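Only a predicted model underlies this, so the values are computations on that prediction, with no experimental measurement involved.
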Amino acid sequence: MKTQTVKKGNSKIKVTPYGGGGGNEFPRQVIKELGLQTGKYVDQIRINDNRYGGRGGEDKGSIILAEGDYIHKVEINANKYVDQVHFETKAGLSIGGGRDGGYHHELSNVRVLAIGGRAHKLLDKLDIMYIENYVPSELIQEHAGFIIAYDPPGTEFTEYTRTFYKQVDAYSKITKSMINQEYSVNVEGEYYVKVSAGAKIEIKSAKIETISNELTQELEHTEGRKVKVEADHVGVSLITGNIMKGADGHHWMYPTNNISYSIIRLDDVKAVANHYDLTRQLSTQMPLLQDKMEDKYGYIYYE
């Protein structure tokens with residue numbers, strides 16, 4: 001059993017396999033809904049809308065994780081196959097089945113980020129990505145306004161109309177603003193879950209750089225509408241989001257609605273008042289903002 005580990009502070013992000021090498025591989029996915037069919041072994045696992053494994057065994061039903069809930073405890077018996085498994089969420093939901101056999105493993109005080117593995121007629125292997133010694137972030141402010149990008153006068157920006165690509169574009173711009181900052185693995189893992197669920201794409205790693213690269217690649221698959229920013233104006237990308245505070249004291253945010261694209265006059269400071277500036281540089285284009293700047297939660301905020 002080979003475990004991949006990323007460590008920052010007391011917490012770690014690990015990817016640990018349990019079981020054998022048979023069957024066909026299926027990708028790790030962030031869990032929204034989880035179901036099982038079990039008998040002598042675990043015959044099938046259902047992750048969100050996808051089924052992996054055979055049709056044998058007894059259907060154990062499914063659990064649906066509410067916003068903010070997560071799997072915090074896993075017990076697994078496995079060798080050539082997954083003999084038995086039990087999942088428990090922080091909110092108290094649980095699902096499990098199978099029989100004793102194989103080698104016993106237990107994960108506790110964790111946050112499971114994603115589950116993949118291998119399966120054919122049975123569940124051959126579980127591949128679990130999780131934060132060890134997980135400490136959750138604290139919600140600081142809901143529905144805050146954010147400036148996540150700007151385009152100077154005389155340039156062009158790309159406006160996406162499809163909801164999927166607007167979500168990917170929003171997360172792409174937010175993630176780029178995070179690259180040069182130091183976050184704990186708790187925050188990286190939480191952000192990974194938000195991106196995977198919000199942008200609805202498969203992301204292989206919780207590293208901020210990997211997330212940014214995969215979002216950028218997704219946007220390369222489509223074309224948006226090119227919009228020209230006229231003289232004496234600036235293009236801004238705006239979004240509403242929640243501000244979180246990690247256990248390490250660093251603040252971060254995630255979007256709660258779709259991105260909006262606007263072109264505003266350089267003297268129209270009211271259009272961006274009461275917004276946090278993730279770019280930290282909009283005031284270079286709109287000098288009147290310089291008298292309205294303050295530091296709030298580690299962000300530039302325009303009163």
Side-chain angles (χ1 to χ4, degrees), residues 13 26-33 47-50 65 67-68 70 113-116 129 137 142-152 155-181 183 185 187-229 234-244 251-263 272 275-282 299:
I13 293 181
F26 58 91
R28 289 195 299 269
Q29 299 156 68
V30 170
I31 306 301
K32 299 178 184 177
E33 183 174 358
I47 301 176
N48 305 330
D49 296 324
N50 305 301
L65 278 65
E67 176 72 20
Y70 56 90
L113 301 177
I115 297 175
M129 180 180 181
S137 293
E142 293 183 287
H143 312 306
F146 287 87
I147 302 150
I148 60 175
Y150 75 86
D151 297 275
T155 62
E156 287 185 337
F157 67 87
T158 302
E159 180 179 24
Y160 298 97
T161 56
R162 286 183 55 190
T163 298
F164 170 75
Y165 287 109
K166 290 176 78 170
Q167 291 171 331
V168 173
D169 188 33
Y171 273 107
S172 179
K173 288 178 165 66
I174 292 167
T175 307
K176 286 176 181 176
S177 76
M178 300 171 69
I179 286 177
N180 294 322
Q181 302 180 51
Y183 294 100
V185 294
V187 170
E188 286 188 340
E190 290 170 328
Y191 186 69
Y192 164 84
V193 169
K194 294 297 183 184
V195 175
S196 298
K200 298 180 176 64
I201 66 172
E202 179 189 336
I203 300 174
K204 298 179 180 64
S205 165
K207 294 180 180 179
I208 298 297
E209 294 84 356
T210 301
I211 294 172
S212 181
N213 290 338
E214 296 193 17
L215 290 167
T216 299
Q217 291 174 17
E218 191 67 43
L219 289 175
E220 292 174 352
H221 296 162
T222 189
E223 291 185 2
R225 184 172 71 94
K226 297 295 184 182
V227 180
K228 180 69 177 291
V229 181
V234 62
V236 291
S237 299
L238 305 173
I239 204 159
T240 300
N242 290 348
I243 300 176
M244 310 294 292
H251 291 86
W252 60 284
M253 61 81 63
Y254 66 91
T256 55
N257 71 342
N258 285 333
I259 190 172
S260 64
Y261 309 95
S262 300
I263 297 176
V272 292
H275 279 72
Y276 295 88
D277 184 2
L278 294 192
T279 76
R280 306 187 68 86
Q281 295 181 338
L282 183 60
Y299 299 114

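Ser172 places a side-chain heavy atom less than 4.5 Å from the side chain of Thr216. Under the 4.5 Å side-chain criterion, counting only non-hydrogen atoms from C-beta, Ile148 is not in contact with Leu238. Residues Gln217 and Leu215 have side chains not in contact (no heavy-atom distance under 4.5 Å, counting atoms from C-beta outward). Two residues are said to be in side-chain contact when any heavy atoms from C-beta on lie closer than 4.5 Å; Lys32 and Leu65 fail this criterion. Proximity of Lys173 to Ile259: side-chain heavy atoms (C-beta onward) are separated by under 4.5 Å at one or more points.
Under a 3.5 Å cut-off, the side chain of Gln181 and the backbone N or O of Ser177 do form a donor-acceptor pair. In terms of modelled atom types and a separation under 3.5 Å, the side chain of Arg28 and the main chain of Met129 share no donor-acceptor contact. A side-chain donor-acceptor contact under 3.5 Å links Gln29 to the backbone of Pro27. The backbone N or O of Phe157 sits nowhere less than 3.5 Å from a side-chain atom of Asp151 that would complete a donor-acceptor pair. Within the 3.5 Å criterion, the main-chain N or O of Glu33 finds a donor-acceptor partner in the side chain of Asn48. Remark: the backbone N or O of Ile203 is paired with a side-chain donor or acceptor of Tyr192 at under 3.5 angstrom. No donor-acceptor pair closer than 3.5 Å links the side chain of Ser196 to the backbone N or O of Val193.
With hydrogens and angles left out, the side-chain atoms of Tyr165 and Gln167 include no donor and acceptor closer than 3.5 Å. Counted by atom type alone, Tyr191 and Thr175 present one or more donor-acceptor pairs between their side chains at under 3.5 Å. Using a 3.5 Å distance cut-off with no hydrogens or angles, the side chains of Asn242 and Tyr254 do pair a donor with an acceptor.
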One pair to check against side chain to side chain contact (heavy atoms under 4.5 Å, CB included): Phe26 and Ile47. What are the steps and the verdict? CA-CA 10 Å; Phe26 58 91; Ile47 301 176; 4.0 Å; yes
Checking side chain to side chain contact (heavy atoms under 4.5 Å, CB included) for the pair Phe146/Thr240: CA distance, chi angles, key distance, verdict? CA-CA 6 Å; Phe146 287 87; Thr240 300; over 6 Å; no
Before you tell me yes or no, could you show the steps for Glu159 and Arg225 under salt bridge (charged side-chain N to carboxylate O under 4.0 Å, His left out), namely the whole-Å CA-CA distance, both residues' side-chain angles and the distance that decides it to 0.1 Å? CA-CA 5 Å; Glu159 180 179 24; Arg225 184 172 71 94; 2.4 Å; yes
Working for side-chain hydrogen bond (donor to acceptor under 3.5 Å, both in side chains), residues Lys204 and Thr210: CA-CA 8 Å; Lys204 298 179 180 64; Thr210 301; over 6 Å; no
Could you go step by step and tell me if Lys207 and Ile211 meet the side chain to side chain contact (heavy atoms under 4.5 Å, CB included) rule? CA-CA 6 Å; Lys207 294 180 180 179; Ile211 294 172; over 6 Å; no
Are Met253 and Leu278 close enough, and set up right, to give a side chain to side chain contact (heavy atoms under 4.5 Å, CB included), and what steps lead you there? CA-CA 10 Å; Met253 61 81 63; Leu278 294 192; 4.1 Å; yes
Decide salt bridge (charged side-chain N to carboxylate O under 4.0 Å, His left out) for Lys194 and Glu67; before the verdict, give the C-alpha distance in whole Å, the side-chain angles of both, and the deciding distance to 0.1 Å. CA-CA 10 Å; Lys194 294 297 183 184; Glu67 176 72 20; 2.6 Å; yes
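A distance of 13.0 Å separates CD in Glu218 from CG in Asn213, rounded to the nearest 0.5 Å. Atom OG in Ser137 sits 9.5 Å away from atom NE2 in His251 (nearest 0.5 Å). In this structure, NZ in Lys200 is found 9.0 Å from CZ in Phe164, a value given to the nearest 0.5 Å. Going from atom CD of Glu209 over to atom CD1 of Ile179 covers 6.0 Å, rounded to the nearest 0.5 Å. Put simply, OG1 on Thr279 and OH on Tyr299 are 13.0 Å apart, with the number rounded to the nearest 0.5 Å. Of the inter-residue distances, the one linking Tyr70 atom OH with Glu190 atom CD reads 8.5 Å to the nearest 0.5 angstrom.
The shortest non-hydrogen separation linking Ile239 to Ala170 is CD1-CB, 3.5 Å. Here the closest heavy-atom approach between residue Ala144 and residue Ile243 is recorded as CB-CD1, 4.2 Å. Across Pro255 and Ile174, no two heavy atoms sit closer than the pair CD-CD1, 3.7 Å. For the residue pair Ser212 and Lys176, the shortest heavy atom distance occurs at OG-CG, 3.7 Å. Across Lys228 and Ile263, no two heavy atoms sit closer than the pair O-CD1, 3.6 Å. Of all heavy-atom pairs spanning Leu282 and Asp277, the tightest one is N-OD2, 3.1 Å.
Under the 6.0 Å distance and 45° angle rule, Lys166 does not count as a cation-pi partner of Tyr160.
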